[in-house]
Amino acid sequence: PGQSLRFSYLGYADHVAKISGAVSHLDVQLEESSTSLDDVVVVAYGTQRKGDVLSSISTTGSKELMRAPVSTTSGALIGKIAGVNSRNTEGTPGSSANIQIRNLGTPLYVIDGVVSDAGHFNQLGLTDIESISVIKDGAAAIYGVKAANGVVLVQTKRGKNTGGRISVGVNAYYGWQSWNRFPEMGNAYEVTRAEYEGQINSGVAVDVAAAKERLQKYKEGYYNPETGEDYRSFDWTSFARKNVPQSYFNIYSSGGGDRVNYYVSISKVDQDAVFKNFNRANFQANVSANITDNLSISMASSGRKEVRKNPGLESDDDYMYMRWGMIANDPRYRPYANDNPKYPAYNDYGNGLFNLGAKDISNAGFYEDIWRVFQGTWDIQWKTPLEGLTVKGLYSYYYATKERTAFQKAYDFYSYDYATDTYNVVKRMEDSWMQRGEDGIEENTYQFTLNYDRTFAEDHHVTVLAGFEAQNRK
């Protein structure tokens, strides 16, 4: 009771039906709406009325994307468009989902009319996106063989004619995140009992009385700080699973008049995790100007700085030891000698490599990646004296650098001597190394298009597009 159902269909106005009581049958009649068919959809090298689009193109907008508190564009796209599969196989801060259109493969990404890559797509500021359109069928062929798996078209926000008024807005959120599913491991009592049962089943002689006494101490969690007799159980999973913050802040301004309009935005993302941190700063500045009634120019520029930082570890897969440490560490061992965080404790399993207490930046060093990216796109459009014919030229410049700095330090594992109140080095991790490198990408894109769009005798609509595009990347 008191609920409602919304009915919608392309070309018809939405209808909301109120439901009261038990309803087994409902008659609904939708009214035609030409306004939805007049909505503009971003397509290859331009836009079209939704009513004129014959291809399989799906679109989602900024409001839908901002509903999910995620750090990447692909993460925000999950579940938003039919036929688009998205799956994040990592879950690390700043990681992106793998997008496939109809289970084919990696699609082609086009941002503001310029072919781009998945990395640039995923690190766009979510509030700066006006719409995302996905071309799923043969209409993508205009981009050539590289669009065989479909095309994802992104249109960033532009300023609008507001009569000279300036609009300023703020978007922000703050929350916490944690792993919500992980195997529950046995405690010290359960592990010790399983060991005894395994010995008995294998025919090994066991002192049952001593075993029962030991098991009882593990069950009670007996601990004597004077002698160091310790039967406490340690939960390695809870030690690693912490609630960590994620935040987003964005401030934007837009406005314009009959001749010039603009959109400017700055945003900041911070996403922490158990072992790894990610933060990104974005800016977007789009300006459009009508020089005359037939000549217009526009500029779209964006940039970002993204930083990933985690402890310097012994493996290329920086999370391997951490994940295995949560599962493989013996609950009868503790991360620190005498529970002192300054002294990582040594345990026999993996020669100490799986001790999560030793894997922090202050102890093991750090590994840091920094991306700095800029892209600027400039275009000029002229409506020629020939009715329906528009000429457009576009140039885009993309530059990105990746700076990597790594420093893995040697560090020690300790034991604690209760009699002398001293910490003794049991093992030293000798491996230490330093790495510093830089990669760069520079790309130039050139486009020239002729677009003829005219209606004859009110019923015959003709559209012809011809163009040239060149791109060099180094």
Side-chain angles (χ1 to χ4, degrees), residues 178-243 274-275 311 313-315 317 319-360 362-364 410-431:
S178 180
W179 295 335
N180 60 357
R181 290 198 308 170
F182 207 85
E184 295 295 331
M185 311 308 297
N187 57 34
Y189 168 77
E190 293 167 339
V191 170
T192 306
R193 178 174 175 172
E195 284 183 352
Y196 282 131
E197 291 176 350
Q199 293 172 2
I200 294 173
N201 292 335
S202 301
V204 178
V206 174
D207 186 337
V208 177
K212 287 184 176 180
E213 181 181 356
R214 187 171 177 233
L215 284 171
Q216 186 61 31
K217 289 183 178 181
Y218 274 121
K219 196 170 188 178
E220 296 174 356
Y222 175 77
Y223 172 59
N224 187 337
E226 301 297 330
T227 63
E229 191 177 7
D230 194 349
Y231 290 89
R232 293 175 296 173
S233 180
F234 190 81
D235 188 346
W236 290 94
T237 302
S238 297
F239 178 67
R241 289 174 63 179
K242 304 172 184 175
N243 293 326
V274 178
F275 315 118
L313 304 177
E314 296 85 357
S315 171
D317 181 0
Y319 271 68
M320 185 187 74
Y321 290 128
M322 319 302 272
R323 289 193 301 262
W324 278 108
M326 296 173 64
I327 299 173
N329 275 325
D330 195 317
R332 294 167 293 191
Y333 288 106
R334 305 184 73 78
Y336 307 114
N338 194 33
D339 291 337
N340 189 336
K342 295 181 180 179
Y343 301 95
Y346 178 77
N347 62 61
D348 295 331
Y349 185 77
N351 292 322
L353 292 177
F354 297 91
N355 184 353
L356 308 182
K359 311 300 184 183
D360 59 35
S362 62
N363 190 64
Y411 57 92
D412 297 320
F413 288 109
Y414 297 86
S415 64
Y416 178 70
D417 190 330
Y418 286 86
T420 60
D421 189 25
T422 58
Y423 295 90
N424 302 311
V425 176
V426 179
K427 180 180 176 62
R428 180 171 179 79
M429 302 301 295
E430 298 286 354
D431 293 338

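Fair warning: this is a prediction, and the values are worked out from it, not measured in the lab. What's counted below: heavy atoms across the whole structure, side chains too, no hydrogens, waters or symmetry copies.
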The reported gap from OG1 in Thr227 to OH in Tyr223 (rounded to nearest 0.5 angstrom) is 8.5 Å
**Item:** Heavy-atom side-chain contact between Pro335 and Trp236 under 4.5 Å
**Value:** yes
Original post:
Is there a side-chain contact between Thr237 and Glu184, using heavy atoms and a 4.5 Å cut-off?
Top reply: no
On a heavy-atom basis, the closest approach of Pro331 and Gly186 is CG-O, 3.5 Å
Ala358 and Phe413 have their tightest heavy-atom pair at CB-CE2, 3.8 Å
For Tyr222, the ring-ring contact (aromatic ring centres under 6.0 Å, His included) test, sequence neighbours excluded, returns none
Of Arg332, Lys219, Lys217, the one forming a side-chain hydrogen bond (donor to acceptor under 3.5 Å, both in side chains) with Thr192 is Arg332
Shortest non-hydrogen pair, Pro344 vs Asn363, comes out as CG-ND2, 4.0 Å
Would Arg334 and Phe234 count as a cation-pi pair here, with the cationic atom under 6.0 angstrom from the ring centre and within 45° of the axis?
no
For residues 411-424, the salt bridge (Lys or Arg N to Asp or Glu O under 4.0 Å) pairs (sequence neighbours left out) are Asp412-Arg428
Sorted by chain and residue number, the salt bridge (Lys or Arg N to Asp or Glu O under 4.0 Å) partners of Arg214 (sequence neighbours excluded) come out as none
Sorted by chain and number, sequence neighbours left out, ring-ring contact (aromatic ring centres under 6.0 Å, His included) with Tyr343 holds for Tyr414, Tyr423
Between the CG atom in Asn355 and the OH atom in Tyr333, the distance rounded to the nearest 0.5 Å is 11.5 Å
Ignoring hydrogens and angles, state whether a donor on the side chain of Gln216 or Glu220 is under 3.5 Å from an acceptor on the partner side chain.
yes
Q.
Quick check: do Tyr411 and Lys359 have side-chain heavy atoms less than 4.5 Å from each other?
A. yes
Applying side-chain hydrogen bond (donor to acceptor under 3.5 Å, both in side chains) to Ser233 and not counting sequence neighbours gives none
So the ring-ring contact (aromatic ring centres under 6.0 Å, His included) pairs with at least one residue in residues 195-218 (sequence neighbours excluded) are Tyr218-Tyr231
CD (Glu195) and CG (Asp330) are apart, to the nearest 0.5 Å, by 7.0 Å
Closest non-hydrogen contact found for Gly357 with Asp360 is O-OD2, 3.8 Å
